[in-house]
S.K.: 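This is the structure I have questions about; it appears just below.
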Amino acid sequence: GISWTASMLPRLYPEQSVLYKPVVLLFTVCRPGFFKASPHSPSCSKCPPHSYTLDEASTSCLCEEHYFRRESDPPTMACTRPPSAPRSAISNVNETSVFLEWIPPADTGGRKDVSYYIACKKCNSHSGLCEACGGHVRYLPQQTGLKNTSVMMVDLLAHTNYTFEIEAVNGVSDQNPGARQFVSVNVTTNQAAPSPVSSVKKGKITKNSISLSWQEPDRPNGIILEYEIKYFEKDQETSYTIIKSKETMITADGLKPGSAYVFQIRARTAAGYGGFSRRFEFETSPVSASSDQSQIPIIVVSVTVGVILLAVVIGFLLSGSCCDHGCGWASSLRAVAYPSLTWRCGYSKAKQDPEEEKMHFHNGHIKLPGVRTYIDPHTYEDPNQAVHEFAKEIEASCITIERVIGAGEFGEVCSGRLKLQGKREFPVAIKTLKVGYTEKQRRDFLGEASIMGQFDHPNIIHLEGVVTKSKPVMIVTEYMENGSLDTFLKKNDGQFTVIQLVGMLRGIASGMKYLSDMGYVHRDLAARNILINSNLVCKVSDFGLSRVLEDDPEAAYTTRGGKIPIRWTAPEAIAFRKFTSASDVWSYGIVMWEVMSYGERPYWEMTNQDVIKAVEEGYRLPSPMDCPAALYQLMLDCWQKDRNSRPKFDEIVSMLDKLIRNPSSLKTLVNASSRVSNLLVEHSPVGSGAYRSVGEWLEAIKMGRYTEIFMENGYSSMDAVAQVTLE
Ligand code: AMP
């Protein structure tokens with residue numbers, strides 16, 4: 001029923017060519033620049049924006065270069081392109097979480113379906129190399145398809161440089177072969193405390209004790225140094241006990257039978273304590289009625305003993321006798337004493353594992369003092385950051401190098417002068433990093449400064465600063481005029497009084513006490529690693545980062561692959577790498593021996609294997625010549641096989657102080673006849689004359705069957721036995 005007139009056509013459909021009026025109306029052909037999606041459609045459409053046709057009769061338009069069309073886009077829709085980069089991104093770092101916010105891109109590419117994608121890269125600030133972050137990072141609400149212009153990343157690593165790229169994407173981004181459009185944000189995360197311990201399990205429960213074990217926090221954010229376990233009887237929160245433990249298990253004892261106790265645990269890393277776990281409640285087993293009766297007299301006795309003990313301990317603490325020489329937190333305990341406390345300078349020890357410390361609190365009267373602890377530079381992702389946290393950057397122009405004084409593992413050691421602003425010029429030692437170093441060498445070299453920079457003690461070598469911004473890279477320390485102690489003693493054989501030698505030893509012990517209080521295990525304590533100044537003050541030095549002792553020529557490879565200075569190292573550290581302050585005490589005993597023998601080589605020319613074997617069999621170095629008996633006894637104490645029986649450094653300092661205050665105590669020398677020159681002595685039994693006969697001694701060491709052989713060979717007295725060589 002439609003009647004077309006020619007005059008209508010140009011007005012209504014100017015793009016159509018009219019050939020045969022009625023037919024052509026149905027089969028019109030679109031001109032270039034127009035398209036008709038369906039042949040049945042009566043009209044041609046102009047190509048939408050950013051599209052074109054070059055041919056006639058096109059059913060669709062092609063997108064211009066850099067523009068795309070999604071399959072689901074209608075042909076009438078303009079071609080679109082990926083959005084430009086988001087703008088004005090800002091970040092907010094909170095420990096190991098990062099919050100990012102940005103504003104939408106200036107150009108959405110002509111689409112409404114813009115969303116955002118976050119790419120995370122972990123970067124080394126020194127080399128600039130980056131790698132993908134890996135799966136440990138959590139994105140809130142998500143990493144891809146973000147509709148809002150903000151996101152939060154959590155569970156990042158502490159002390160790490162990250163680059164976040166915020167990319168805007170839309171429906172055609174995946175067709176774009178060109179460069180991604182993103183804005184990037186660089187952040188450095190902070191140190192973070194560990195996350196709370198979440199799983200605690202009860203172990204053995206008796207009427208007086210509860211054993212617990214737990215799992216390391218999900219996010220330790222560093223190396224866990226220890227756990228703190230707080231517990232109290234349910235509803236008695238004002239009176240609680242704190243146990244510290246390096247293990248993930250403890251036994252709380254001395255509890256009341258049939259009572260509920262509440263436990264909370266938290267972990268500590270170099271960054272400090274994490275939050276306490278939720279409360280876990282466990283109950284001791286009930287006590288039976290009959291045993292209850294029988295316990296009354298015992299309880300009466302224990303209460304009496306307890307009161308006496310308490311009085312003795314309070315008296316002891318108030319007299320200050322145990323704390324003359326600075327025993328850390330023991331002095332803060334004077335207000336309230338508790339018999340089962342473990343402290344550093346006293347002799348009273350709690351029953352529990354020596355690696356645990358226990359303190360009791362009532363109404364918060366006792367507080368743990370803030371003990372400064374050593375931070376392992378390894379906890380820093382970027383060692384560069386660690387070095388600048390602990391060491392001052394010095395401008396190379398402030399340093400004058402004078403002469404070479406030694407050779408270090410990484411380069412020459414020089415003496416020189418340092419002139420800091422507002423200070424007088426003073427002598428320094430300068431360790432240099434040789435040219436052509438690898439990244440690892442630079443890291444290890446500066447690692448020593450990251451460690452040294454954390455210490456501040458008159459018997460620890462003092463770090464002035466580092467030069468890292470220019471070459472050569474340098475570590476600048478105080479200058480020790482007399483160099484290393486072993487060489488100095490060898491050069492001055494027999495030149496010092498015993499008091500001077502004990503003074504040197506006291507200094508080293510004091511430095512070691514400081515290090516052990518900081519939680520730092522040296523692992524390579526030896527006279528060659530002690531420096532001595534013109535006032536004969538000894539200072540501990542050589543703080544390698546890797547602590548595998550690669551730089552020590554004395555270090556030898558053990559069967560387990562580690563490199564260990566055998567002659568200075570405790571047997572448990574050689575055998576199963578149990579390096580602790582107690583193994584440092586063993587090494588300290590060897591240093592005592594080196595000092596008292598003016599730099600003699602421990603175990604002389606014996607091979608490392610023979611040393612290991614002899615020590616394992618109980619032989620010990622004999623007393624050096626003219627050595628006060630008290631000092632040799634202290635050496636033997638340091639060489640106790642059981643590491644828990646060795647004295648602690650604070651006890652050694654106290655002991656040496658006593659000897660210095662009372663020089664006549666140094667007059668008794670080790671008896672020349674019992675001092676076995678060039679031979680090892682069997683520890684204590686043979687040396688101390690504890691056995692009356694050879695037979696008795698052999699029985700005691702489960703070798704009674706050899707008595708006859710000893711007699712036949714003329715070893716009929718203990719004196720003769722003391723002459724037996726290792727061979
Ligand atoms: P090191 O690499 O620390 O073993 O140093 C090598 C040598 O340089 C030492 O054995 C010392 O003789 C000397 N040395 C290192 N530091 C100092 C210093 N602070 N003062 C004097 N001499 C030093």
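In listed order, ligands and their atoms are each counted from 1.
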S.K.: What class does the angle between the rings of Phe410 and Phe445 fall in, given that below 30° is parallel, 30 to 60° is tilted and above 60° is perpendicular?
M.R.: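 Perpendicular: the ring planes of Phe410 and Phe445 meet at over 60°.
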
S.K.: Short list, please: which atoms of ligand 1 are under 4.0 Å from a heavy atom of Thr477?
M.R.: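 It comes down to these atoms of ligand 1: 19 (N).
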
S.K.: Identify, by atom number and element, the atoms of ligand 1 in contact range of Gly408, meaning under 4.0 Å from any of its heavy atoms.
M.R.: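 This gives 2 (O) as the contact atoms.
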
S.K.: What heavy-atom pair brings Ile574 and Thr569 nearest, and what distance separates the two atoms?
M.R.: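 Between these two residues, the closest heavy atoms are CD1-O, 3.6 Å.
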
S.K.: Under a 4.0 angstrom heavy-atom cut-off, which atoms of ligand 1 come close to Ala407?
M.R.: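 In order of number, 6 (C).
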
S.K.: State the atoms of ligand 1, each with its element, that fall below the 4.0 Å cut-off from a heavy-atom position in Ile405.
M.R.: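 The atoms of ligand 1 under 4.0 Å from a heavy atom of Ile405 are 21 (C), 22 (N), 23 (C).
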
S.K.: Check this for me - ligand 1, Ile461, N or O atoms closer than 3.5 angstrom, yes or no?
M.R.: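 No, Ile461 has no N/O under 3.5 Å of an N/O on ligand 1.
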
S.K.: Do the ring centers of Tyr514 and Tyr374 come within less than 6.0 Å of each other?
M.R.: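 Here the rings of Tyr374 and Tyr514 have centres that are no less than 6.0 Å from each other.
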
S.K.: Side chains of Trp568 and Glu594: any donor to acceptor distance under 3.5 Å?
M.R.: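 Checked: Glu594/Trp568 side chains pair up, N/O donor to acceptor below 3.5 Å.
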
S.K.: Contact between Ser415 and ligand 1, counting heavy atoms under 4.0 Å?
M.R.: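 Per 4.0 Å heavy-atom rule, Ser415 does not contact ligand 1.
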
S.K.: Side chains of Asn384 and Arg442: donor-acceptor distance under 3.5 Å anywhere?
M.R.: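 Asn384 vs Arg442: donor-acceptor pair found between side chains.
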
S.K.: Nearest non-hydrogen contact with atom 11 (C) of ligand 1 belongs to which option: Leu531, Ile530, Val413?
M.R.: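 Checking each option, the heavy atom nearest atom 11 (C) of ligand 1 is found in Leu531.
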
S.K.: Is the shortest side-chain N to carboxylate O distance from Arg528 to Asp524 below 4.0 Å?
M.R.: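 Salt bridge present between Arg528 and Asp524.
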
S.K.: Going by the order shown, which atoms of ligand 1 are within less than 4.0 Å of some heavy atom of Ala429?
M.R.: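 Numbered from 1, ligand 1 contributes 17 (C), 18 (C), 19 (N), 20 (N).
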
S.K.: Is there a heavy atom of Lys431 sitting under 4.0 angstrom from any atom of ligand 1?
M.R.: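 Right, Lys431 reaches ligand 1.
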
S.K.: So if I count the atoms of ligand 1 from 1 in the order they appear, which ones are less than 4.0 Å from some heavy atom of Glu478?
M.R.: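 Close to Glu478: 18 (C), 19 (N).
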
S.K.: Under a 4.5 Å cut-off applied to non-hydrogen side-chain atoms, are Met474 and Lys431 in contact?
M.R.: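 Heavy-atom side-chain distance check fails, nothing below 4.5 Å.
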
